[in-house]
Amino acid sequence: MQRNKFTTMRSLKVLDRCKGAQVYALHTTGGGGGDVGDKLYHQLQDHLSVNPARPISMHNYQSSNVPLAYVNETLLPYGLPVSDLLEPQIESCLKFVDFIGTLADLYRRIENCPQFEKTGMYLEQCAIFKGLSDPKLFRRTLRAARQHTVDVHSKVVLAAWLRYERREDELRGTNSMNFCGRNIECPKATLVPGYNPEFIYDPCVCSKNPRGESVDDYSIEDVECSTSDEYRDMSFCIGDNEIRCIRYCIASLSTPFRTMLYGGFRESRKEKINFTQNGISIECMKAAELYSRIRRVDSFDPRIILELLTFSNRFCCDDLKLACDSYLASLVNDVENALLLIEYGLEENAYLLVAACLQVFLRELPNSMHSPNVMKYFCSPGAKERLALVGHASFLLYFFLSQIAMEEDMKANTTVMLLERLADCATESWQKQLAYHQLGVVMYERKEYKDAQSWFEEAYESGHIYSKVGIARTKCKRGHKYSAYKMINSLISEYKPVGWMHQERSLYCDGKEKMSDLEMATELDPTLCFPYKYRAVLLLETNKIGAAISEISKIISFKVSPDCLELRAWISIAMEDYERALRDVRALLTLEPNYMMFHGKMHGDHLVELLRPFVQQWSQADCWMQLYDRWSSVDDLGSLAVVHHMLANDPGKSLLWFRQSLLLLRLNCQKAAMRSLRLARNHSTSDHERLVYEGWILYDTGHCEEALAKAEESISIQRSFEAFFLKAYALADTSLDQESSAYVIQLLLDALRCPSDGLRKGQALNNLGSVYVDCEKLDLAADCYMNALNIKHTRAHQGLARVFHLKNQRKAAYDEMTKLIEKARNNASAYEKRSEYSDRDMAKSDLAMATQLDPLRTYPYRYRAAVLMDDHKENEAIAELTRALAFKPDLQLLHLRAAFHDSMGDYASTVRDCEAALCLEPNHADTLELYNKVRELVKEQ
């Protein structure tokens, strides 16, 4: 059974964080304050209350009694975007001119470096993968870094980072220090030093031995009684108190004590030694004496242990210090305790105690980022130096903190301070490139252009070519536009051009040259948003509104982002298409709930309220009907807008939050999808429902076995569609044999017997059909697909086409895919699949359309390249794959190009592409086989 059989259950294609890039400049037609919209909105509401006619839609707007001036001023109080003032954001991640070569080099270095140094290499890989669209690559590399970590500090930071990636802070009723999963994230396991890469995947022991609980019980009184006074041959006197001790036990605490008690000092001949002037309390000395005999501190009061920590430092009692350090670390379980104890740890150089305190701070992120009491230990003057003295200042720590700070508020002083500490900790070339470049980006966003230019120059001098974009941008802002043009022009001349180079040069030229650069940028990298946005706004300015909508819709059809949706909504308002505008704003708010429209001057929710009077009003029942219609027409954005509307009416409905997450996954918006999934879990009204959503969260973050366990626990409480569906999905991802296929079939049948709506049952039937096909039960599969189509699950046409194809009914298969193309609003995949049932010329036509609609789909490039190789056009075949790899580094594309190079005898290029592919997926069997074969050939030569 192949894994791709379940691609219609829940989309597994996921992209990078959906960040808002609000880059529109404005014509301000009214007063500039944010209260203008509010004022006009209330005027409009007053007018409507006097004229309570039917709801206004785009079709009856002109005939209504609402004055046009009110509408324009209310919905567009800040005018329209201006093309001349648009600019793309400078990306904050590492970018490379030769990305494939960078991946290959990194793979070689990881493979050849010593085991104990792999964590640093994987951290560099994390920094590189941070700029890619697939967050799974970043998370997998972060786990690999944690797996190979030796020291406690790195374990603490990486475990906290892994937890942050799941954003468990947003789950109600969870504690950041409670964990019962694998050792990889366990807060107890992180405090154990040493290298044990296999240990991290073992089950966590926290549930068996709660934090701070002793393994065995014993009584101090029993220990006191077990040692007779006759063995106590000396005393320490503190004031009038005398603490009887065993000389050799005290001497064993440290070299200074041994020298004092058995060396040439006069104390070695005394029975009583006066310790009154040493600042040691009676309780502390008694505890030290007891420790000298039993070698344990876990029965003492924490206050006494803190005194013992000071005592151990003063007299160099290493074992005692480690015991105190370890036990105090075990007591740190919340921010309050951590804030209390970290000062002691820093003063007494207690490595584990400080590690435990930092662990609490880091596992509470991002909330702790807003606590001045916490952040002073990272940002205040001298904070890094204090942490360094105890072994807890590192590039890794500030890398983690600065990335979160940039996500929270890029312009904040805290972000700048953390990045400055990051730069201070940078030692390797890639570290300096990242720290300096990100400081440049932040300073640029703060409009501190002189400082920004300085940091960009530092990054460029450290080897980061992309930072020249920042240098050029700041030069232009400071009045040197031609200098900026020459700089980017030289970049294009010096290196093989990539899309972002032409995009950047377009900012510094005009007219035909500008448009030519933008066209070239789109040709080289169709995923760049700015060229589409610029062309759309330019068309809007020339009153070609329909063409403007079409232009911005091109990129929205395959890459959904808040800024592009905002622009399309903006243009839709200008053309008085309020229904489409409202749809896009609702979809936008699903991606970023706090998005500010119109260059940050109006909250998206407020614009929704302004638009609502101008569209048809729906009840919740109407919304369900609309959702069915959009779902069946494969209109994911439209479905998303409907769900947003439904949640506005019923925000506590967990089922709707879950639906929203499914749609967002289809649109490759994983960050937003995971947020919706967490909200579904938080709003669940029963344990069995909560367990299902927790299972999906685990599954989507790479914890398949744990997801299975959640599904089984949910079923044990109550049999439900979603629990069986989750179990079937997770099982299919872990097992591929015939026996497991039969079990998956049974699970899906069990799911279909449980109550659910037609939308989900259609998905289950579709997936059941896929499993039947893989088991060669074609008639049963066809029945499933027909039943799915009967309840408007349009995607089932694709499965039915596959059945017809396997039955050698090629024309029927082609016709089924044609039906899907006609019905589906998003139909790039349908064109791609139909090509499989066409002759060569028709297949080329369909694949060309698929690429036009969605350039990110890799199969069309691979097919065209294979055809060219069959026609002995090797160079053209390589060029076809290279064209796609320039903007989408993909495992299959790299493997195919490596195989082509191999067939042409270009072994150096074969090795490079194999290494780049293995950097993306180290265990890809076909690539490993090819790689090893070619390396042997190279050795023989």
Side-chain angles (χ1 to χ4, degrees), residues 212 214 217-332 336-337 339-354 356-357 389-390:
S214 300
D217 297 325
Y218 69 100
S219 167
I220 293 180
E221 290 75 11
D222 292 341
V223 175
E224 290 280 3
C225 296
S226 67
T227 304
S228 173
D229 280 344
E230 65 183 85
Y231 294 107
R232 295 175 175 173
D233 52 355
M234 63 161 292
S235 301
F236 285 101
C237 298
I238 299 175
D240 296 331
N241 296 279
E242 185 176 320
I243 299 96
R244 298 291 292 168
C245 304
I246 301 174
R247 184 178 291 267
Y248 75 82
C249 288
I250 296 297
S252 68
L253 290 177
S254 69
T255 299
F257 272 122
R258 185 167 58 252
T259 303
M260 180 176 69
L261 297 176
Y262 286 106
F265 295 96
R266 61 185 179 183
E267 284 84 0
S268 65
R269 297 184 295 275
K270 286 185 175 182
E271 183 181 344
K272 294 183 179 182
I273 299 174
N274 192 344
F275 256 36
T276 303
Q277 302 302 318
N278 285 334
I280 299 170
S281 71
I282 299 166
E283 293 84 356
C284 178
M285 197 64 227
K286 286 182 177 179
E289 187 280 327
L290 182 56
Y291 173 81
S292 73
R293 291 183 285 115
I294 67 172
R295 299 289 165 163
R296 299 179 67 159
V297 299
D298 46 355
S299 61
F300 301 144
D301 185 271
R303 181 183 59 82
I304 299 300
I305 299 178
L306 288 170
E307 274 199 76
L308 281 175
L309 185 61
T310 304
F311 176 93
S312 66
N313 273 328
R314 180 175 298 181
F315 295 101
C316 303
C317 306
D318 293 339
D319 290 344
L320 174 59
K321 179 177 180 178
L322 181 59
C324 293
D325 195 8
S326 300
Y327 185 73
L328 288 170
S330 74
L331 301 180
V332 183
E336 184 179 357
N337 284 343
L339 288 171
L340 179 66
L341 291 171
I342 191 170
E343 279 296 336
Y344 289 101
L346 291 169
E347 289 295 326
E348 300 299 338
N349 196 26
Y351 179 76
L352 290 177
L353 177 55
V354 175
C357 295
L389 287 174
V390 73

*Applying salt bridge (charged side-chain N to carboxylate O under 4.0 Å, His left out), run through Glu271 and Arg247 and close with a yes or a no.*
CA-CA 9 Å; Glu271 183 181 344; Arg247 184 178 291 267; over 6 Å; no
*What distance separates Ser299 OG from Ile304 CD1, expressed to the nearest 0.5 Å?*
11.0 Å
_Residue list, salt bridge (Lys or Arg N to Asp or Glu O under 4.0 Å) with Glu343, at least two apart or on another chain_ = Arg386
*So, Thr276 side chain and Gly239 main chain: donor-acceptor pair closer than 3.5 Å or not?*
yes
*asked:* As an exercise, state the distance from CG of Asp298 to CD1 of Ile305, rounded to the nearest 0.5 Å.
replied: 7.5 Å
*Sub-4.5 Å side-chain heavy-atom contact between Arg258 and Thr255*: yes
_Atom pair CD1 (Ile238) and SG (Cys284), whose distance is rounded to the nearest 0.5 Å_ = 8.0 Å
_To the closest 0.5 Å, what do you measure between NZ (Lys272) and CD (Glu242)?_
4.0 Å
*Is the Phe275 to Phe315 ring centre distance short of 6.0 Å?*
yes
*Ser235 side chain near Ile243 side chain, heavy-atom distance below 4.5 Å*: no
*Find the distance between CZ (Phe300) and NZ (Lys286) and round it off to the nearest 0.5 Å.*
12.0 Å
*So, for Ser254 and Cys316, which heavy atoms are closest and what is the spacing to 0.1 Å?*
CB-O, 3.1 Å
*Please step through side-chain contact (heavy atoms from CB on, under 4.5 Å) for the pair Leu253 and Tyr291, ending with a clear verdict.*
CA-CA 9 Å; Leu253 290 177; Tyr291 173 81; 3.7 Å; yes
*Could you go through the side-chain contact (heavy atoms from CB on, under 4.5 Å) check for Phe236 and Glu289 one step at a time?*
CA-CA 10 Å; Phe236 285 101; Glu289 187 280 327; over 6 Å; no
*asked:* Looking at every non-hydrogen atom in both residues, tell me the closest pair between Ala287 and Leu308 and how far apart they are.
replied: CB-CD1, 3.8 Å
*asked:* For Glu336, give me all partners under side-chain hydrogen bond (donor to acceptor under 3.5 Å, both in side chains), at least two apart in sequence or on another chain.
replied: none
*State whether the side chain of Asn313 and the backbone N or O of Lys321 hold a donor-acceptor pair below 3.5 Å, judged by distance alone.*
no
*Is there a donor-acceptor pair under 3.5 Å between the side chain of Lys270 and the backbone N or O of Leu261?*
no
*Donor-acceptor side-chain pairing of Arg295 and Ser252 below 3.5 angstrom*: yes
*Please lay out, stage by stage, how Val390 and Leu353 fare under the test side-chain contact (heavy atoms from CB on, under 4.5 Å).*
CA-CA 10 Å; Val390 73; Leu353 177 55; over 6 Å; no
_Determine whether a donor-acceptor pair (N or O, by modelled atom type, separation under 3.5 Å) exists between the side chain of Ser326 and the backbone of Ala323._
no
_Looking at Asp240, I'd like to know if its CG atom is crowded, meaning that more than 12 non-hydrogen atoms belonging to other residues, nucleotides or ligands lie closer than 6.0 Å._
no
*Can you see which heavy atom on Ala356 is nearest to which on Ala329, and at what distance?*
CB-O, 3.5 Å
*For Tyr248, does the OH atom sit with more than 12 other heavy atoms under 6.0 Å from it, leaving out its own atoms?*
no
*Report yes if the side chains of Leu320 and Leu309 come closer than 4.5 Å at any heavy-atom pair, otherwise no.*
no
_Using 0.5 Å steps for rounding, measure from the CG atom of Asp233 to the CD1 atom of Ile250._
10.0 Å
*Side-chain contact test, heavy atoms from C-beta onward, threshold under 4.5 Å: evaluate it for Leu341 versus Val354 and give yes or no.*
no
*Test log, rule side-chain contact (heavy atoms from CB on, under 4.5 Å), inputs Tyr327 and Arg296*: CA-CA 9 Å; Tyr327 185 73; Arg296 299 179 67 159; over 6 Å; no
*asked:* Going by salt bridge (Lys or Arg N to Asp or Glu O under 4.0 Å), name the residues that satisfy it together with Glu348, two or more places apart in sequence or in a different chain.
replied: none
